[in-house]
Amino acid sequence: MTETPEGPVNKRDLTRRKVVVTGGAAIAAVGVGGGLAVNAFADEAASGAPSASSSETCYTLTSETTEGPYYIDADKIRQDVTEDEEGIPLTLTLKVIDAETCKPVKNAAVDIWHCSALGIYSGYEAMGSGGGGGGTPPTGAPTDAPSGTPTGGPGGGGGGHAEPTDDERYLRGTWKTDKHGYVTFRTVFPGWYQGRCVHIHVKVHVDGTWTDAGYEGGHTCHTGQLFFDEESVLASAEVAPYSTNEATRTTLDEDTIYPDNGPAGGLLYLKYNKRHIAKGVRAHLTLGVAPDETNDSTDTPPSASASAG
């Protein structure tokens, strides 16, 4: 088995959000997956994660990063976001804590979303790999002037929010942290597209209310990205369907959004069989957040050379 670190993070104000449950009582099953997290963080503690020894802070705040243009306000309350997408099974366990007190942040709504093994974002299939982040870069001057009102600040977190082109929602989901701050998702190992390293987007919403209809109100205290080390990505590239992905791949070191600060920047801890990564990967990370703050990415543009997603 191999075990490696990987990472998350960003900013904006959210006064009202509502997620819709398709089919009813998804919230009641929040405890499912709690057992998956029991021993998942032992290696994280051993790696020297900050402790409560400091009088000012207990844990390092996880870096905030860009939301990217392909966020869809959660309409899928579920732990398993796979929807029959092909790829290496990935179990992702996150623990959300208050970075100042190290107390678990319970009942938070955690969103994740990422591209498929071939670099496609659900909801944006018409845009191709990376929602337009892949393929041949455009040349020449633009022929159409932009219209409408921008949704973000300068740069819009990678060009502003893009309107969905379809109703697909695979590899997207929202779930509730338990009383210990844990949340677990089942998905597939993400693929890649031109301009970005392999990553998963994440948001943490707090101070809202869970109802039979989903999650309402509150604000976003964390917007980040979770990253995978090169060894794991190279291993995945040998397995179908990743092996058929012809997009130019950006490495973790080359990525312009990864903060380059290890787990504090979203670098995930990974466990998998080096010889048989196709059997599955388990990933985990503690997210240190500031629950009283609002962190969304629309006013935090990425580097000018970064791809949108």
Side-chain angles (χ1 to χ4, degrees), residues 7-21 25-38 40-41 44 49 57-65 67 71-81 91-114 172-187 200-226 263-264 266 268 283-297:
V9 332
N10 210 314
K11 281 192 178 242
R12 185 183 77 188
D13 202 335
L14 187 76
T15 56
R16 176 79 174 174
R17 90 185 273 284
K18 180 175 182 179
V19 292
V20 180
V21 179
I27 316 281
V30 165
V32 176
L36 296 175
V38 174
F41 291 76
E44 195 166 345
T57 185
C58 171
Y59 198 88
T60 303
L61 272 171
T62 301
S63 304
E64 299 295 323
T65 58
E67 172 187 282
Y71 174 62
I72 299 175
D73 197 13
D75 59 0
K76 293 291 186 182
I77 309 300
R78 58 188 181 179
Q79 287 181 284
D80 190 336
V81 304
T91 300
L92 172 65
T93 299
L94 302 173
K95 182 178 183 181
V96 184
I97 64 171
D98 183 323
E100 184 175 351
T101 66
C102 269
K103 291 182 178 180
V105 179
K106 61 183 180 180
N107 296 327
V110 179
D111 302 330
I112 65 163
W113 70 102
H114 62 85
R172 298 177 182 271
T174 300
W175 200 249
K176 181 180 183 180
T177 57
D178 66 17
K179 64 181 180 180
H180 302 294
Y182 288 111
V183 62
T184 296
F185 293 95
R186 287 179 287 277
T187 184
I200 294 175
H201 294 267
V202 62
K203 279 182 177 286
V204 179
H205 309 276
V206 295
D207 294 335
T209 302
W210 288 95
T211 70
D212 290 341
Y215 187 76
E216 300 182 12
H219 65 277
T220 305
C221 71
H222 175 70
T223 300
Q225 296 184 24
L226 309 173
L268 290 164
H284 70 85
L285 192 70
T286 295
L287 302 180
V289 304
D292 294 335
E293 296 183 7
T294 295
N295 288 304
D296 210 327
S297 77

**Asked** What distance do L92 atom CG and I200 atom CD1 have between them, rounded to the nearest 0.5 Å?
**Response** 5.0 Å
**Fill in**
The reported gap from CG in N107 to NZ in K179 (rounded to nearest 0.5 angstrom) is 11.5 Å
**Request:** Output yes when a side-chain donor or acceptor of T187 lies under 3.5 Å from a complementary backbone atom of V81, and no otherwise.
**Result:** no
**Asked** Do any N or O atoms from the side chain of T294 and from the backbone of C221 form a donor-acceptor pair under 3.5 angstrom?
**Response** no
**Message:** Give me the atom names and distance for the closest heavy-atom approach of K106 to D178.
**Reply:** CB-O, 3.3 Å
**Request:** Say whether, by atom type as modelled, one donor and one acceptor occur between the side chain of H114 and the main chain of H201 under 3.5 angstrom.
**Result:** no
**Prompt:** Residues in side chain to side chain donor-acceptor pair (under 3.5 Å) with D292, at least two apart?
**Reply:** none
**Request:** Keeping the roles fixed (side chain from Q79, backbone from F185), state whether a donor-acceptor pair exists under 3.5 Å.
**Result:** no
**Asked** Any donor-acceptor pair under 3.5 Å linking the side chain of T62 with the backbone of G288?
**Response** yes
**Fill in**
Closest heavy-atom pair, Y71 versus D111, reported as atoms and distance to 0.1 Å, is OH-OD2, 2.8 Å
**Item:** W113 side-chain N/O to G173 backbone N/O, donor-acceptor pair under 3.5 Å
**Value:** no
**Complete:** By side chain to side chain contact (heavy atoms under 4.5 Å, CB included), D80 pairs with (sequence neighbours left out) T82, R186
**Item:** Spacing of H222 atom NE2 and L287 atom CG [to the nearest 0.5 Å]
**Value:** 5.0 Å
**Fill in**
So OG1 of T174 and CZ of R78: to nearest 0.5 Å the spacing works out to 9.0 Å
**Message:** Can you tell me how far apart CG (D73) and OG1 (T220) are? Round to the nearest 0.5 Å.
**Reply:** 8.0 Å
**Taking every non-hydrogen atom, the tightest pair across Y215 and D207** = OH-N, 3.6 Å
**Request:** State which residues pass side chain to side chain contact (heavy atoms under 4.5 Å, CB included) with P291; sequence neighbours excluded, sorted by chain then number.
**Result:** D98, V105, V289
